[in-house]
Structure formats: C-alpha cells, structure tokens
Asks: 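Dropping a structure here in structure tokens format, bear with me for questions.
Order of listing sets the numbers, starting from 1, for every ligand and every atom in it. Just so it is clear, the structure is predicted and the values come from calculations on it, not from any experiment.
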Amino acid sequence: MATTPATGDELERKSWWLREVAPVADVTPLQRSRGADVCIVGGGFTGLWTALRIKELDPSAEVVLIEADVCGAGASGRNGGFAMTFWHHFLGLESACGNAAALWLARASTDAVEELGTFCQQNSIDAHYRRDGWLWTATNAAQLGAWERTIAAIERHGDEPFIRVAAEELQARSGSRAHIAGVLEPLSATVQPAALARGLVRVARQRGVEIFERSPMIALDRSATLAVRTAGGNVAADRVVIAMNAWSLRLRELRRALVVVGSDVAITDPAPEELARTGWRDGVSISDSRLMVHYYRTTLDGRIAFGKGGGRLGYDARIGTSFTGSSPMEQELAARLRDLYPAFAAVPIAASWTGPIDRTVDGLPFFHALGRPDLLCGAGYSGNGVAPSLLGGRILASMALGRDDEWARCGLVRRPPRGLPAEPFRYVGGRIVRSAVARKERAEEAGRRPARIDRAVARLAPAGLVPLD
Ligand SMILES: Cc1cc2nc3c(=O)[nH]c(=O)nc-3n(C[C@H](O)[C@H](O)[C@H](O)COP(=O)(O)OP(=O)(O)OC[C@H]3O[C@@H](n4cnc5c(N)ncnc54)[C@H](O)[C@@H]3O)c2cc1C
C-alpha cells in the first residue's frame, strides 16, 4: 500500500536534483513477510542496475529491492552527475588487477557511458544525458601535467582516450581563463542524476522488480537462508545483495573497507545569458587536479553546479544526518565558482547540499561475497559511481545468479583493498591527513611551496583523481 509521497521540501534537503523530480509518489513500504530469489538492499544506481540486469538475464527471477528512504535519496540523487569512464583511474586499475583486466574494465566503462544514454533513450528516461566529454585541467602550476603518467600508461597499450588541448582552446571551451592546461576525455557524459534514478525505478517496476521504499533493513538474519528484516516485515532470499554505498560500513565485514568522506555541491539559479558570455557552451564537465577536487558542469537551463570533494570525515559507520542538508561549505563553493566564472558574480546560489562518498584506499570499488556465496556486496566507488555502477550492476547480477561469466570473473571482484586502520585511528588519522592536504593545496593555489611535512602527510591520503606516488 502506497503511503504519503516524498514532497519537494523533504527532497530538497538531500539535493536540488531531487527537488526537481519531486514529488515522488508510489512510495510503498514493506508491510509483510515474504520470500524472493534475490533481495537487494539499497535503491541507488548499484541496487537498481543490479535488479534490472537480473531481470534481463532471468526474467522469471523474483527480485525484491528494499530502500531505507526513497530510491535515489542517497548518493545517486545527490552527485555531480558526471557519468565518467574509468580511464582516469587507469594506473589504479592496473595495480589493483593487472594490465589486461585494467584495459578490459576501462573499455567496458566507455561502453557503460554509451549504454547509459541508449538505455535512457529506449526507455524514455529524460535524464538530460549529454555526451560532451570531460576536461581534466590544471588551475595552478602544481597541478600541471597531473594526467601525464596516466596517459603514458594507457598509450603503451595503444588506446588514446585523452586528447591534448592547447591552453587557448581549453579556456575557450571551458569558459574560464583559470584553466592553464588540460586534456579532454571525450567519452564521458553528464546526467541529471535524480531523474536517472527515478527513471530506473519506473523501468525496474515495469520489468517486475518489487521495490519497497521507506523500509530500512534493521537486521540481517544470517540463518541457513538469509532474511532481510525491516520494521514492517522481512524478506527471506536465496541471495542478498548489499548495495548500501557508505552505509555498508554497518556490516561487520566491511568496517575496515571504507572511509566515509563528504562531497559538497552548490548550484546557481539559471543564467543562460551569463553562461553564454563565458563561452562554456556545451555539456562538457570539468575537474581540476586537486585531491580535494573541484568539479563543475552546466545544466540544460543554464545553471552551473559546482562541487568539491574531501568534505567532512565520517566516524566509523555513523553517517547520521551530518551528511545530509545544505552544505557547510556553500560560501566557499560559491566563491570559487565566481573566481572561475566572474560572469556569475551576481547570479544567486539556488541550493547547496552534501552527501557521503564510500572511499577505498585505492579509489576503486569492490564486489565481493561476504563469507558465504549468498551474501554479496558492492561498494567503494570513491566518488566515481554514476557510470561505473552500471558495470557494478552487471557484476553483482552475474554473481547473484551464480553465473561464471566475464563479469563475475572481472578484476573488480575482489576483497576490499586493505590499508585503512580501525577506529578511532581512522578518524583521527584521517583528520590529520585531510588537514595536511588542505594546507598543501592552499599553498599551491597561492603559488607557494607547501611545507615538507604537509607534502609527506598528504601522500597518505587514499587515491584521488591524480595518482599518488
Ligand atoms: C555530493 C556527491 C557528488 C558526487 N559526484 C559524482 C559524480 O559527479 N560522478 C560520479 O560518478 N560519482 C559521483 N558521486 C558518487 C556517486 O554518487 C556514487 O558512487 C553512486 O551514486 C553510488 O551509487 P550506490 O547505489 O552505490 O549508492 P547510493 O545511491 O548511496 O545508494 C545506497 C542506498 O542505500 C540506502 N540504504 C542505506 N542504509 C540502508 C538500509 N539499512 N536499508 C535499506 N537501504 C539502505 C540509502 O538510502 C541509499 O539510497 C558523488 C557522490 C556525492 C555524495
């Protein structure tokens, strides 16, 4: 039985993208006990793509998806909407799973961006998909050439996903003279992420996936048959897939797998004339080369959405409300946006928000059975999950159906990478490292040489966009 819809006011606290798709009607909590072939816990992109893929491979499978909030209310409806490939993470992929697997995954991620667009088109999902590429840029001297080692490694294998762009062309295309160098990766796209998430919900339901929202899993009964318990009922399932992103830290096996870091976004009012004046005319998305990366993109109605990674750190599995609501960094985001785009000096900020990132030590996700073959999980996208979650869905679906195929055997089917200390050391150490990174990046921005201690401590940070030594 459907309950009250999620209203615009409620969704606005999570992101402006979610506000744009409000109200979310048809919110049905689980109110009885039942069985299923597969129960998926978490209704973000990972859970939804997994459900869709299972139905594609085995239309008769009974798939139930349980979501604590409404689907898309987690990171999937709050992100920057950069649907990126894995090419910028090529070095990390190589060390995690070797040359051949890295190439296979990077090429598969290129296909994933394409398929995302095709899926939206074929299923009438208006997710504002634009495949205009991604600019990986430097905005100060310390960032120059951040991409070189990655490009060199890829070129050794004959692929050329990046195009070198002269500074003048880069500045014209990005609409800002602050970009002093950069490369274009033309394969990536942008989406309105909440519209994508709600579109996936609609298609999944049409294909027979049963989705229960406002139904948090409150316990996982690990008897011979797994059962997911919610306040209103439970689902006994042959397979359970944990697709809970940062919230998966609540499972004991994943306590040391992730560190939760905030990412923050501010979005302006529509200002199509000001945007046209900058020269940033298409949907190309842009990042600089910091570890606490700045990322920005336009919207169809002429706004700029401006984000920054590396916000607050989570303690243990406590995500709570501190990773929801308007961004504590709104003013900093607005100031940086206006530095880069002076034409936006007088354009108001319409909204800001924050959300949790499930960061692993190597910046890549993992897909893994948690001690028994019927309990699976996928997490750790580390801020690059919009397109890779489509691959995550394929991997988890193959694992859930017990298939021995290229997805179930791929390089990201692995244990969570090790290296994060237990609490309270993770939190205390994380704060020290985060402060060192912030000081280092502030010094670099000001054209000063960072203190040696800050450079040394900053090297301990989990991998970001720029490969660490
Ligand atoms: C501010 C921000 C900006 C980002 N920008 C980008 C970007 O531009 N490009 C990019 O590729 N990636 C970006 N990311 C990362 C990207 O959003 C995620 O990697 C991706 O959405 C992961 O999807 P998911 O399904 O794994 O997680 P989620 O969408 O978080 O889904 C997990 C779901 O589990 C639910 N859940 C939690 N606990 C329970 C429970 N007990 N029972 C049932 N359900 C539960 C949550 O409510 C949530 O809906 C960003 C993330 C944030 C926060």
Side-chain angles (χ1 to χ4, degrees), residues 14-18 29-30 39-51 65-86 88-89 109 112-113 116 134 188-191 193-194 196-197 200-201 212-220 228-231 235 241-251 258 260-266 285-287 293 295-297 305-311 317 319 323-324 327 329 333 352-359 365 367 377-390 392-393 396:
K14 307 212 169 100
S15 82
W16 180 86
W17 308 123
L18 279 154
L30 181 70
C39 178
I40 297 167
V41 187
F45 293 146
T46 303
L48 291 162
W49 284 122
T50 304
L65 188 150
I66 301 290
E67 163 56 44
D69 196 313
V70 294
C71 292
S76 296
R78 306 187 200 183
N79 58 68
F82 288 39
M84 293 170 70
T85 67
F86 270 141
H88 61 283
H89 265 314
S109 71
V113 177
L116 180 52
W134 167 63
S188 290
T190 55
V191 291
L196 174 61
L200 295 180
V201 169
F212 298 100
E213 297 176 290
R214 289 193 177 137
S215 304
M217 171 175 78
I218 51 174
L220 176 64
V228 171
R229 199 146 25 102
T230 72
V235 184
V241 177
I242 303 294
M244 283 162 50
N245 187 17
W247 292 272
S248 14
L249 271 173
R250 296 202 179 134
L251 273 85
L258 302 166
V260 179
V261 185
S263 195
D264 293 76
V265 182
S285 56
I286 307 172
S287 304
V293 61
Y295 53 94
Y296 29 111
R297 43 90 43 106
F306 190 94
K308 182 174 171 73
I319 297 176
F323 286 93
T324 295
S327 168
M329 293 162 59
L333 297 172
S352 72
W353 63 93
T354 187
I357 300 277
D358 49 346
R359 202 161 248 296
F367 302 92
C377 78
Y381 296 98
S382 306
N384 180 28
V386 172
S389 56
L390 191 148
L396 290 167

Asks: Nearest protein heavy-atom contact for atom 13 (C) of ligand 1: which residue, which atom, what distance?
Replies: G383 O, 3.2 Å
Asks: Closest approach of R78 and G355, non-hydrogen atoms and distance?
Replies: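 R78 and G355 have their closest heavy atoms at NH1-CA, 3.7 Å.
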Asks: Could you check whether any side-chain N or O of S76 sits under 3.5 Å from a backbone N or O of F45, counting only pairs where one atom can act as donor and the other as acceptor?
Replies: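 Between the backbone of F45 and the side chain of S76 there is a qualifying donor-acceptor contact (under 3.5 Å).
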Asks: Has ligand 1 got any nitrogen or oxygen that is less than 3.5 angstrom from a nitrogen or oxygen of A75?
Replies: yes
Asks: Could you identify the single nearest non-hydrogen protein atom to atom 47 (O) of ligand 1 and state the distance to 0.1 Å?
Replies: E67 OE2, 2.6 Å
Asks: I want to know if ligand 1 touches V41 in the polar sense, i.e. an N/O pair below 3.5 angstrom.
Replies: no
Asks: Would one find an N or O of V70, backbone or side chain, under 3.5 Å from an N or O of ligand 1?
Replies: no
Asks: Quick one, W247 and V260 - any side-chain contact, counting heavy atoms below 4.5 Å?
Replies: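 A side-chain contact under 4.5 Å is absent here.
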Asks: Does any N/O atom on D69 come nearer than 3.5 Å to any N/O atom on ligand 1?
Replies: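 By distance alone, the answer is no.
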Asks: Using every non-hydrogen atom in the two residues, find where D264 and S327 come nearest and quote the distance to one decimal.
Replies: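 Looking at all heavy atoms of both residues, the closest pair is OD2-OG, 2.7 Å.
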Asks: List the steps and the verdict of side chain to side chain contact (heavy atoms under 4.5 Å, CB included) for V70 and V201.
Replies: CA-CA 10 Å; V70 294; V201 169; over 6 Å; no
Asks: Ligand 1 and G355, any nitrogen or oxygen pair closer than 3.5 angstrom?
Replies: no
Asks: Tell me, do L220 and V228 make a side-chain contact under 4.5 Å, heavy atoms counted?
Replies: yes
Asks: For atom 44 (N) of ligand 1, what's the nearest protein heavy atom and its distance?
Replies: A68 N, 3.1 Å
Asks: Indicate, as side chain, backbone, both or neither, the part of F45 found under 4.0 angstrom from ligand 1 when only non-hydrogen atoms are considered.
Replies: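 For F45, the contact with ligand 1 is made by both the backbone and the side chain.
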Asks: Return yes if some donor-acceptor pair links the side-chain N/O of R297 with the main-chain N/O of V191 below 3.5 Å, else return no.
Replies: yes
Asks: Show the nearest heavy-atom pair for residues A83 and V113, with the distance to one decimal.
Replies: O-CG2, 3.7 Å
Asks: Enumerate the atoms of ligand 1 whose separation from the nearest heavy atom of I66 is less than 4.0 angstrom.
Replies: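 The list of qualifying atoms is 43 (C), 44 (N).
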Asks: Testing the basics here: between V265 and L333, what is the closest heavy-atom pair and its distance to 0.1 Å?
Replies: C-CD1, 3.8 Å
Asks: What is the nearest protein non-hydrogen atom to atom 52 (C) of ligand 1, stated with its residue, atom name and distance?
Replies: I357 CD1, 3.7 Å
Asks: Please could you name the atoms of ligand 1 that G74 approaches to less than 4.0 Å, counting only its heavy atoms?
Replies: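 Counting from 1, the qualifying ligand atoms are 29 (O), 30 (O), 48 (C), 49 (O).
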Asks: With a cutoff of 4.0 Å, is R78 in contact with ligand 1, counting heavy atoms of the residue only?
Replies: yes
Asks: Just need the protein heavy atom nearest to atom 32 (C) of ligand 1, so name the residue and atom and give the distance.
Replies: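 The protein heavy atom lying closest is A243 O, 3.4 Å.
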Asks: G385 versus ligand 1: do any nitrogen or oxygen atoms come within less than 3.5 Å of each other?
Replies: yes
Asks: Between W353 and ligand 1, does any nitrogen or oxygen pair lie at a separation below 3.5 Å?
Replies: no
Asks: Taking only heavy atoms of Y295, which atoms of ligand 1 are found under 4.0 Å from at least one of them?
Replies: 1 (C), 2 (C), 3 (C)
Asks: Could you check atom 21 (O) of ligand 1 against the protein and tell me its nearest heavy-atom contact, residue, atom and distance included?
Replies: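 Looking at atom 21 (O) of ligand 1, the protein heavy atom closest to it is S76 OG, 2.9 Å.
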Asks: Hey, does the side chain of D358 reach the backbone of A246 with a donor-acceptor pair shorter than 3.5 angstrom?
Replies: no
Asks: Return the residue, atom name and 0.1 Å-rounded distance of the protein heavy atom closest to atom 8 (O) of ligand 1.
Replies: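 Of the protein heavy atoms, F82 N, 3.1 Å lies nearest.
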Asks: Give the ring-plane orientation class for W17 versus W353, where under 30° counts as parallel, over 60° as perpendicular and anything between as tilted.
Replies: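 Because their plane-to-plane angle is over 60°, the rings of W17 and W353 count as perpendicular.
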Asks: Distance to 0.1 Å, residue and atom name: give those for the protein heavy atom nearest to atom 27 (O) of ligand 1.
Replies: N245 CB, 3.1 Å
Asks: Show your reasoning for whether side chain to side chain contact (heavy atoms under 4.5 Å, CB included) applies to M329 and T354.
Replies: CA-CA 9 Å; M329 293 162 59; T354 187; over 6 Å; no
Asks: Within a distance under 4.0 Å of any heavy atom of G80, pick out the atoms of ligand 1 and give their elements.
Replies: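 Those of ligand 1 that fall under 4.0 Å from G80 are 3 (C), 4 (C), 5 (N), 6 (C), 7 (C), 8 (O).
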Asks: May I ask you to list the atoms of ligand 1 that are less than 4.0 angstrom from any heavy atom of V386?
Replies: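 Answer for ligand 1: 9 (N), 10 (C), 11 (O), 12 (N).
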Asks: Under 4.0 Å from a heavy atom of P216: which atoms of ligand 1 are those, numbered in the order shown and with their elements?
Replies: 42 (N)
Asks: Which atom names give the shortest non-hydrogen contact between G81 and N79, and what distance separates them?
Replies: N-OD1, 2.7 Å
Asks: Of all heavy-atom pairs between T46 and G378, which one has the smallest distance, and what is that distance?
Replies: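 Closest approach of T46 to G378: CG2-O, 4.4 Å.
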Asks: If you measure from each heavy atom of G81 to ligand 1, is any distance below 4.0 Å?
Replies: yes
Asks: Have a look at L220, I40, T46 and point out the one with the heavy atom closest to atom 26 (O) of ligand 1.
Replies: T46
Asks: Of S263, S287, S285, which meets side-chain hydrogen bond (donor to acceptor under 3.5 Å, both in side chains) against Y295?
Replies: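 With Y295 as partner, side-chain hydrogen bond (donor to acceptor under 3.5 Å, both in side chains) holds for just one option, S263.
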